[in-house]
Amino acid sequence: GARPHLDLPGLLRRQLAHAGLREDHIHDAGLCTMCQAEEFHSWRRDGAMSGRMQAVIVPTGGAA
């Protein structure tokens, strides 16, 4: 019974490109919140006992 999976980085890349952002201006850090317990909180890994995170996206200027 494999569970369905979503290519979230791929989906977000397509959405950003569709919104007009140039592909060469999109960076995927390749980090995994579930796999990197020393770096990130993860609901998938820790359930209700997980911490919380926030993210901020800041435009750096220039043309999209």
Peer 1: Is W43 isolated, or which residues cluster with it under the ILVMFWY side-chain rule of less than 4.5 Å, directly or via members?
Peer 2: none
Peer 1: Residues in side-chain contact (heavy atoms from CB on, under 4.5 Å) with R45, at least two apart?
Peer 2: M34, A37, S42
Peer 1: Set out, in order, the CA-CA distance, both residues' side-chain angles and the distance that settles side chain to side chain contact (heavy atoms under 4.5 Å, CB included) for L16 and H25, then state yes or no.
Peer 2: CA-CA 10 Å; L16 290 168; H25 286 190; over 6 Å; no
Peer 1: Mind checking the CD-CG spacing from Q15 to L21? Nearest 0.5 Å is all I need.
Peer 2: 12.5 Å
Peer 1: Would you give me the side-chain donor-acceptor pairs under 3.5 Å for residues 49-58, sequence neighbours excluded?
Peer 2:
| unit_1 | atom_1 | unit_2 | atom_2 | d |
| --- | --- | --- | --- | --- |
| S50 | OG | G47 | O | 3.1 |
| S50 | OG | R52 | NH1 | 3.1 |
| R52 | NH1 | S50 | O | 2.8 |

Peer 1: Could you tell me the separation between the CD atom of E23 and the CZ atom of R14, rounded to the nearest 0.5 Å?
Peer 2: 10.0 Å
Peer 1: Any side-chain heavy atom of E39 within less than 4.5 Å of one from L31?
Peer 2: no
Peer 1: Using every non-hydrogen atom in the two residues, find where H5 and R3 come nearest and quote the distance to one decimal.
Peer 2: ND1-O, 2.7 Å
